[in-house]
Amino acid sequence: MKNWSGHLAWSPDKTAFPSSGEEIRELVLHALENGKSIRTIGAGHSFTSLCETDDILISLDHYQGLIAVDKDKMTATVKAGTRLYLLNELLFAQGMALENLGDIDQQSIAGAVSTGTHGTGAALGNISTLIRAIRLIDGKGETRECSPEKEPQLFRAAQVSLGALGIITEITLQCVPAFNLELQIGKTGLEEVIRSFPELNAQNKHFEYYWFPHSGYAMTKKLNPTDETEEKEGFGNFVQEYVLENYGFQLMCDLSRWIPSATPGLSRFSGRTVGPYRKVSRSYKAFCTRRLVRFNEMEYNIPLAAYGDVMKEIAGVVNRQFRSILFPIENRVVQGDNIPLSPAYARDSAYIACHVYHKKDFRAFFTRLEDIFRAAGGRPHWGKIHNLQHRQYAEAYPDFQAFDAIRRQCDPEGVFLNAFLRSVFGISA
């Protein structure tokens, strides 16, 4: 078994594909009776070892689809294994949509919310903030249903749970009427976009940008709702978004690996070739990007107030010390929330994501950047590479101990623990 980038590999003793909540419950009871552990996998898009186990691995790929829709409340209850690309189409058929999404749609909905996956928007939280109710099978084999009104402390913990409380089987999501977005791609300078970052986020419902290392170029991405009903995407959009950003970039990544000294020039070339374009499409098509070039990723959440200084320091370190880094560095914002293990807990936040081609060694680069993030009070994305230990997690999350108390109540025998989670919660093997 491997994750999407191929960085992680493991061999579970058993892989199960349940197709109902009752089958999931039976697997948990079987693990309890036989002293086994269970981990759940979706698309394998996590770069941390959340899914690794030597015992039972559960895939929810056979447990997908809508369960119920309430158009008066604009909510949809969905099976936890449903991939986002399928969920988006199913919601659209009901005249509904999720208000915000990340830029990849391959994950399962349970995997996305369990790791705190997010999009961008100064007035929008991560995807977990859209949850209105959760059903899960806990470590005692019991079905638990929670919401802000029913078991509210469990609900808050389950919104970003790392799969440590139980196996999520159903999620009820707050939706909005289906809508179109206007996407505008532009190019600017790094210093200019850092300086105007607050205004750009205030002026656009969704804003992000990508800085090309070793250059002064940044590609801006603005997404705003539009009343235009006709989808508009020209051939030039297709060439830029699909051909150049995948096959062309794949070639440059291999050239950078073979001839590391060519990397700064390749990055500057990439930045120069960004052309402005515009398209109108269904919201979920505009949010998501087709990613064919594989990479490993570190992403950190930092307080929004610290963003400018942190990004300037990162740019300086990359340009001076890491001349072989080619992937653009992604910058987004998220509204604060009150979810205990959400990286955006109790603060409006900026996210900075750093990628390394999957055939290159990322360790020195990520370690150096992590020092910068941590010095600014950073919290890692749970699904992205990082090197924290139990004490550092407990220091970073004010409600960490409260979450752990709920975890121990839900899973007293440690059915859902693996080596990674033991390190998170400070549990010896």
Side-chain angles (χ1 to χ4, degrees), residues 4-7 45 47 103-104 183-194 197 207-222 235-277 288-300 310-332 351-370 372-373 384-385:
W4 175 78
S5 72
H7 163 57
H45 262 271
F47 301 91
D103 57 5
I104 295 176
L183 167 66
Q184 291 181 298
I185 297 294
K187 180 169 62 179
T188 188
L190 176 62
E191 292 183 3
E192 169 60 25
V193 75
I194 292 176
F197 197 60
F207 174 77
E208 62 185 293
Y209 79 90
Y210 298 77
W211 170 59
F212 294 87
H214 323 296
S215 84
Y217 298 113
M219 183 185 83
T220 59
K221 184 176 178 180
K222 302 174 183 177
F235 181 70
N237 300 154
F238 171 79
V239 171
Q240 174 72 31
E241 286 192 75
Y242 189 72
V243 179
L244 293 180
E245 293 182 13
N246 285 292
Y247 296 103
F249 192 63
Q250 174 80 60
L251 176 60
M252 286 194 284
C253 286
D254 284 324
L255 285 172
S256 173
R257 183 168 67 95
W258 297 328
I259 312 172
S261 62
T263 303
L266 291 169
S267 185
R268 288 190 290 270
F269 174 78
S270 295
R272 283 196 299 269
T273 58
V274 171
Y277 66 87
C288 299
T289 304
R290 288 166 284 194
R291 297 278 183 89
L292 302 182
V293 182
R294 295 181 185 254
F295 52 80
N296 288 298
E297 182 177 0
M298 167 179 281
E299 183 175 35
Y300 257 78
V310 171
M311 188 57 203
K312 289 174 185 176
E313 185 175 0
I314 286 174
V317 166
V318 171
N319 286 338
R320 290 191 306 271
Q321 300 179 23
F322 297 99
R323 304 287 288 172
S324 65
I325 294 301
L326 179 63
F327 262 85
I329 292 179
E330 184 178 14
N331 300 259
R332 292 178 282 179
Y351 279 86
I352 301 176
C354 309
H355 312 73
V356 174
Y357 187 42
H358 73 115
K359 296 179 182 179
K360 286 185 175 183
D361 189 348
F362 57 79
R363 289 170 293 183
F365 178 54
F366 285 173
T367 298
R368 179 67 184 91
L369 264 57
E370 189 166 39
I372 299 172
F373 292 135
K384 312 295 174 68
I385 293 167

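Positions are given from 1 along the sequence.
Counting heavy atoms from C-beta on, the side chains of F249 and L326 come closer than 4.5 Å. When side chains are defined from C-beta on, F327 counts as touching C253, because their heavy atoms get closer than 4.5 Å. With contacts defined as side-chain heavy-atom distances shorter than 4.5 Å, the pair E370/I385 does not qualify. Two residues are said to be in side-chain contact when any heavy atoms from C-beta on lie closer than 4.5 Å; Y217 and T273 fail this criterion. Between Y209 and T188, the closest side-chain pair of non-hydrogen atoms is not below 4.5 Å. Two residues are said to be in side-chain contact when any heavy atoms from C-beta on lie closer than 4.5 Å; F365 and K360 fail this criterion. Between F269 and M252, some side-chain heavy-atom pair lies under the 4.5 Å cut-off.
In this structure, I314 CD1 and W211 CH2 are separated by 9.0 Å, a value rounded to the nearest 0.5 Å. Here I352 contributes atom CD1 and I372 contributes atom CD1; the two are 9.0 Å apart, rounded to the nearest 0.5 Å. Here CD1 of I325 is found 8.5 Å from SG of C354. Values are rounded to the nearest 0.5 Å. A distance of 8.5 Å separates CG of L190 from CG of N319, quoted to the nearest 0.5 Å. Between atom CG of residue N296 and atom NE2 of residue H355 there is a gap of 10.0 Å, rounded to the nearest 0.5 Å.
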Could you walk me through whether F197 and M311 pass the side chain to side chain contact (heavy atoms under 4.5 Å, CB included) test, one step at a time? CA-CA 11 Å; F197 197 60; M311 188 57 203; over 6 Å; no
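Every side-chain hydrogen bond (donor to acceptor under 3.5 Å, both in side chains) that Y357 has, sequence neighbours left out, goes to Q250, D254. When the side chain to side chain contact (heavy atoms under 4.5 Å, CB included) test is applied to Q321, the partners found at least two apart in sequence or on another chain are V317, R368. Evaluation of the salt bridge (charged side-chain N to carboxylate O under 4.0 Å, His left out) rule for K384 yields E297, E299 as partners, not counting sequence neighbours. A search for ring pair (Phe, Tyr, Trp, His ring centres under 6.0 Å) contacts involving Y210 returns nothing, not counting sequence neighbours. When the salt bridge (charged side-chain N to carboxylate O under 4.0 Å, His left out) test is applied to R363, the partners found at least two apart in sequence or on another chain are D361. Residues forming a ring pair (Phe, Tyr, Trp, His ring centres under 6.0 Å) with H214 (at least two apart in sequence, or on another chain): none. F362 meets the ring pair (Phe, Tyr, Trp, His ring centres under 6.0 Å) test with H7, F366; sequence neighbours excluded. Evaluation of the ring pair (Phe, Tyr, Trp, His ring centres under 6.0 Å) rule for F207 yields no partner, not counting sequence neighbours. Among residues two or more places apart in sequence or in another chain, the side-chain hydrogen bond (donor to acceptor under 3.5 Å, both in side chains) test is passed with E192 by R195.
Ring geometry for H45 against W4 counts as parallel: the plane angle stays under 30°, on a 0 to 90° scale with 60° as the upper cut.
When each of I185, V193, N331, V274 is checked for a side chain to side chain contact (heavy atoms under 4.5 Å, CB included) with T220, only V193 meets the rule.
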Output side-chain donor-acceptor pairs under 3.5 Å for residues 258-265, partner residues at least two apart or in another chain, one line each.
| residue | atom | partner | partner atom | Å |
| --- | --- | --- | --- | --- |
| T263 | OG1 | S256 | OG | 2.6 |
| T263 | OG1 | P260 | O | 2.8 |

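A donor-acceptor pair under 3.5 Å is formed between the side chain of K187 and the backbone N or O of R272. Using a distance-only test at 3.5 Å, with no hydrogens or angles considered, a donor-acceptor pair links the side chain of S267 to the main chain of P213.
Minimum interatomic distance between S5 and R294 (heavy atoms only, all atoms of both residues): N-NH1, 4.4 Å.
Legend: salt bridge (charged side-chain N to carboxylate O under 4.0 Å, His left out) pairs involving residues 313-324, not counting sequence neighbours: none detected.
For the residue pair D103/T289, the side-chain donor-acceptor check at 3.5 Å is not satisfied.
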